[in-house]
Trainee: 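This structure is in C-alpha cells; I'll ask about it shortly.
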Amino acid sequence: MSLPLAGLILILIALIGGVIAMAAFIWAVRTKQFKDLNAGAYVIFDEEEPVGKVTDNIFGFPETKKPPASNKGRGKHESRKQSP
Amino acid sequence: MMFIRLSTFFLGVLATFFLGWAGLTLIPGIQIREIKPSSELKPYTDEQFSGRAIYIREGCIYCHSQQTRPEGFGADQLRNWGRPSVPGDYVYDKPHLLGTMRTGPDLFNIGARQPSEDWHLIHLYNPRALSPGSLMPPYPWLFKEEDEFSKEVHAAMGKKVVPVPKGFAPEGKVIIATQEALDLVAYLLSLNHTYPVE
Amino acid sequence: MNPESNPLKIDESPELSARVLSDISVSRPVLAFFAFAVAWLLIGTVFGLTASLKFNFPDWLGSFPALTFGRVRPAHLNAIMYGWVSLASAGCAIWLTVRLCQVEVRWRKLLYASVLLWNLGLLYGTISILTGNNQGLEWLEFPRGAAILIAVAFVCLSLSILRTFHARQVKHIYVSLWYIMASVVWFPLLYVIANLPFYSGVTQAAVNWWFAHNAITVWFTPIGLAAAYYFIPKVVGRPIYSYYLSLLGFWSFALFYNWNGIHHLVGGPLPTWLISVSIVASVLMFIPVITVAINHHLTTVGHFDKLRYSPTLRFVVFGAMCYTAVSFQGSIEALRSFSEISHFTHYTIGHAHLGMYAFVTMILFGAIYYTMPRLTKWEWPYPVLIKYHFWLVALGIGLYVGSMTIGGILQGLYMNDASRPFISSVEVTQPYLLARSLAGVLILIGHLIFIYLFSLMILRRGPERKAPPWQEEAEVIFP
C-alpha cells in the first residue's frame, strides 16, 4: 500500500473517530454523564490521607530522632518499627 | 456507560494524534511528492556522498543550516547566501540536513561562496587559522602529520599537502589531508544551488 | 538501624489500604526505572557541560573525535531525553497509575524487560553517536537497532500500564490518568512512524520536526502535567480547583499541541500554509496552557507557605510555573516576526531547557522526592542537602535560560543586520556562552548532591529519621 493511500484511509478513520467522539460527547452532556465529574477530584484522598492533610513536609522536621509530638492521625501500617 | 466513555476516550486520543500527523506530514508529503528535482540539480557523486556521511558523523548540522530564506525574512539575501531554497533542491537529500541552528553561517551555497579546496582544508584542520574568533571545532583526525622534508615526495605520491599557516601546524611537520577530508570538502564544494528556479 | 533488612517488606496486615498495597506492588520496578534514570542524568549532564565548554574553549579536547561538539551534543540530548527524562517519567507514570487505579501492578515482568531493553538501547545508541554512527536527524540520532530496542521497551511499558488501568478498582478516572493513558498510546505510535525509513528531502524535514516537537507533546509534557495534577493537590491536601477546566485543558491540549512541530522550519523551503497552520496551532496552545495554569495556581493559592516545608511541592510548583512560562514563550516564539530574530539562535536552546529542565525535570525531581520514601520505607536523610539541590538547580537553570535568551536575541539581531560581519554574531554571544557553562556547573553540583541522596535512599543509609513524619506530625504544624 502506498503511503498516500494509507494516509487517506487514516484520515478517514481519524475523521470518523472525531465524529463519533463529538456524538458521544453530546450524548454524555445530554444524559448528564458529567454530573458527578467533580467527584473525580477526590479520588486521590482516602481515609488515612483525607482532604486537609499535608502529605509531605520533611523540611519542617529535625534530622535526628525525636519522640513524636503526637500520635494523632498516625497510620498503622506506614509507621516504622521502633528501633531498639 | 463506562465502556462507551472509555472507548471514546481512546478514539479521541487516536483521532487528535492522527489528525496532526495527516495535516503536518501526510498532506504536505503528497503535495511535495509531485515536485521534480530542480533542473540543474545533480545527484551526489560517490565522493560527495561519502563526504556527506562525514558531515553527518561529525555533527556539522548542530551549527550549520542548509536553507536560505527569502527577502524580508532574516538577512540571508542581503548577505548573498543565495536565492531562497525550494523543495526541488533537496530531492536527493536523505537524511535531510536543513538544520535549525546558525552558530556558523548557512552552507547551502558554500561551494559558490568559497570555492577554494585549500581554504576548506585549512579551515577544517583549524578554523582559527583562517577565522580568528571562530568557535568551530577543529577536525585534526581528518588529517595526518608527516615529516616536513618529504613534501615533494608526498606530492609525487599524490598526497594532498594542506598549506596550513605558520604557527597552526606542529614545527617541522606537514599536514596531509586524508581521503575523508577530501570527500568532505568535495561535498562542501558541491553545495552550490545558485542555478535559477522558477 | 532498623532490624529489618529487606527494604520492601512491611507489616503484612489485612487492613493494608489499597494505596499502600499498590505502592508496594510497584516499588521494585519503579526503583529500577528511577535508579537508571538517575545514572543517565549524570551521564547526560556531563555530556551537556562538555558541549557547553567546547563553545568557550573550542580547542579543548579538540583531538578526540568522540568528544567533538557535533557528537557530544546529540549524545547529551539523547542521554537526557531517552535516558533520564524518559526513564524517570516511566517510573512516575507506573507509580501514578497503580496509585490512581488502586490495584497492584499487572505484568510486572514486562516492566523489568522494559528497563533492560531501554538501557541496552540507550547504551548502544549513545556509543554509536560517539563513535560516529548517527542517523543525521535531530532527536532521531540513534541508529536503527537502538531505536528498535527503545520502541520495544516502550511497548512493554505501555502494555503493563494499560493492563493495570484495565484492572482498576476506582469508579472515577483521575485527570492524571487521562494524560498517562493518552501518552502511552501516543508515544509508541509516534516513535515508530518517525523511524520508518521511507522519507527524504523536505518531507523528511517535516516528519523530523513533527516528531521532535510531538515527542514533547505526547510524552514529556503529559507525564509532567499528570504528575503536577497529582502532587500539587495531594501534598497540599486540597482537591484540584476545577475538574471541568482540567477536562477542557486535556482535550484542547490533545487537539492543538499535535500540530505545533513545523514552526521549527519557519522561513524554510516548505509550503507556507503548512508553517502557518503550525503557527496558528502554537498560538492556540494558549487555551490549554491557561486552563492548566489557573487550575494549578488556584489549587496552591493560600498554601504557598507549604513550599517551605515540602521539597516535593517546591520542585513541582516551580515546574508547573515554568510550564506556563515555557508555553507562553513557545506561542510567542512561533510568531513570524519574533522567530525572524530567534530562529537559528541560542534562544531556542534556552527555550528547550526551560521546557525540558525547568518544567519537566523539576517536576520529576519532585515526584522522586515524594515517591522514594513510600517505595523504600525510608525517609530522606539530610533535608538541608535537598535545599542545596533545589537552590543550585533553580539558580542554575535561571542563569541558563536568562543567558541564552539575551545572548540568543543579540545573536539574532546581529545576524539579521547585514552591515555587520557574520562573525560578530558569534562574538557577541561569547560572554553569555560562558555564563551558560557556569550555569551548567551549578546544575552538575546540584545533580551530584541529588545522586548522593538518592543512593542513600536506595541503600537505606544515613541518619535514621523518625517514621515518615507527615504521618504523625503533620497536623501539629498545620492545624
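Since the model is a prediction, treat every value here as computed from it, not as a measurement. Chain letters run A, B, ... following the sequence lines, proteins first and then strands; every chain starts at 1.
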Trainee: Can you confirm whether C:Lys54 sits close enough to B:Leu135 that some side-chain heavy atom of one is under 4.5 Å from a side-chain heavy atom of the other?
Mentor: no

Trainee: Identify the two heavy atoms, one from C:Ser63 and one from B:Pro140, that lie closest to each other, and give their separation to 0.1 Å.
Mentor: CA-CG, 3.9 Å

Trainee: Take C:Val426 and B:Met136 through the side chain to side chain contact (heavy atoms under 4.5 Å, CB included) test and state the conclusion after the steps.
Mentor: CA-CA 10 Å; C:Val426 177; B:Met136 175 162 150; over 6 Å; no

Trainee: So which of B:Ala75, B:Pro105, B:Ser65 has the largest heavy-atom pair count under 4.5 angstrom toward chain C?
Mentor: B:Pro105

Trainee: Do C:Gln204 and B:Pro95 have side chains that get closer than 4.5 Å, going by heavy atoms?
Mentor: yes

Trainee: Which distance, rounded to the nearest 0.5 Å, do you find between the CG of B:Leu97 and the CG of C:Leu137?
Mentor: 8.0 Å

Trainee: Looking at every heavy atom in both C:Phe422 and B:Arg79, which two are closest together, and how far apart are they?
Mentor: N-NH1, 3.5 Å

Trainee: Does the side chain of C:Ser200 come within less than 4.5 Å of B:Val91's, by heavy atoms?
Mentor: no

Trainee: Check whether any side-chain heavy atom of B:Phe73 lies under 4.5 Å from a side-chain heavy atom of C:Arg336, and answer yes or no.
Mentor: yes

Trainee: Give the member of B:Gly59, B:Gly99, B:Cys60 that has the highest number of heavy-atom pairs under 4.5 Å with chain C.
Mentor: B:Gly59

Trainee: Quick check on C:Gln430: does its CD atom have over 12 non-hydrogen neighbours (other residues, nucleotides or ligands) under 6.0 Å away?
Mentor: yes

Trainee: Heavy-atom distances under 4.5 Å only: say whether C:Asn214 touches chain B with side chain, backbone, both or neither.
Mentor: side chain

Trainee: Less than 4.5 Å apart, side chain to side chain, heavy atoms only: is that true for B:Phe108 and C:Pro269?
Mentor: no

Trainee: Please classify the contact between C:Leu189 and chain B as side chain, backbone, both or neither, with a heavy-atom cut-off of under 4.5 Å.
Mentor: both

Trainee: What are the two closest non-hydrogen atoms of B:Leu14 and C:Val185, and how far apart are they?
Mentor: CD2-CG1, 3.7 Å

Trainee: When heavy-atom pairs shorter than 4.5 Å are enumerated against chain B, which of C:Asn208, C:Thr429, C:Asn133, C:Leu270 gives the highest number?
Mentor: C:Asn208

Trainee: Please state whether the side chain, the backbone, both or neither of B:Pro84 comes within less than 4.5 Å of a heavy atom of chain C.
Mentor: neither

Trainee: Given a strict heavy-atom distance threshold of 4.5 Å, which part of B:Tyr139 is in contact with chain C: side chain, backbone, both, or neither?
Mentor: side chain

Trainee: Taking all atoms of both residues into account, what is the closest heavy-atom pair of B:Pro138 and C:Asp59, and its distance?
Mentor: CG-OD1, 3.4 Å

Trainee: Name the region of C:Trp60, side chain, backbone, both or neither, that has any atom closer than 4.5 Å to a heavy atom of chain B.
Mentor: neither

Trainee: Heavy-atom distance under 4.5 Å to chain B: side chain of C:Val266, backbone, both or neither?
Mentor: both

Trainee: At what distance, to the nearest 0.5 angstrom, does OG1 of C:Thr203 lie from NZ of B:Lys94?
Mentor: 10.5 Å

Trainee: At a heavy-atom separation under 4.5 Å, does C:Tyr257 approach chain B through its side chain, its backbone, both, or neither?
Mentor: neither

Trainee: Check whether B:Thr100 gets within reach of chain C through its side chain, its backbone, both or neither, counting any heavy atom under 4.5 Å.
Mentor: both

Trainee: Answer whether the closest heavy-atom distance between the side chains of B:Thr103 and C:Phe55 falls below 4.5 Å.
Mentor: yes

Trainee: Under 4.5 Å from any heavy atom of chain B, what part of C:Leu190 do you find: side chain, backbone, both or neither?
Mentor: both

Trainee: Can you tell me which portion of C:Val207 sits under 4.5 Å from chain B's heavy atoms? Options are side chain, backbone, both or neither.
Mentor: both

Trainee: Between C:Phe57, C:Phe211, C:Phe256, C:Phe64, which shows the greatest number of heavy-atom pairs under 4.5 Å with chain B?
Mentor: C:Phe64

Trainee: So, do C:Pro58 and B:Arg128 sit near enough that their side-chain heavy atoms are less than 4.5 Å apart?
Mentor: yes

Trainee: Side chain, backbone, both or neither: which part of C:Leu255 has a heavy atom under 4.5 Å from chain B?
Mentor: both

Trainee: Need one label for C:Leu162: side chain, backbone, both or neither, based on atoms under 4.5 Å from any heavy atom in chain B.
Mentor: side chain

Trainee: Once you round to the nearest 0.5 Å, how far does CG of C:Asn258 lie from CZ of B:Phe18?
Mentor: 10.5 Å

Trainee: Would you mind checking which part of C:Tyr347 comes under 4.5 Å of any heavy atom in chain B, side chain (CB onward), backbone (N, CA, C, O), both or neither?
Mentor: neither

Trainee: Is any side-chain heavy atom of C:His343 closer than 4.5 Å to one of B:Arg102?
Mentor: no

Trainee: Heavy-atom pairs under 4.5 Å with chain C - which of B:His96, B:Arg57, B:Gln67 has more of them than the others?
Mentor: B:His96

Trainee: Between C:Val277, C:Ile193, C:Val218, C:Thr348, who has the most heavy-atom pairs with chain B when the cutoff is under 4.5 Å?
Mentor: C:Ile193

Trainee: If you take all heavy atoms of B:Tyr62 and C:Pro74, which pair is closest and at what distance?
Mentor: OH-CB, 3.3 Å

Trainee: Looking only at non-hydrogen atoms, find the nearest pair between B:Ile61 and C:Glu138 and report the distance.
Mentor: CD1-OE2, 4.4 Å

Trainee: Side chain, backbone, both or neither: which part of C:Gln135 has an atom under 4.5 Å from a heavy atom of chain B?
Mentor: backbone

Trainee: So does B:Gly74 get a backbone contact from the side chain of C:Glu340, meaning a donor-acceptor N/O pair under 3.5 Å?
Mentor: yes

Trainee: Is B:Pro127 in contact with chain C via its backbone, its side chain, both, or neither, using a 4.5 Å heavy-atom distance?
Mentor: neither

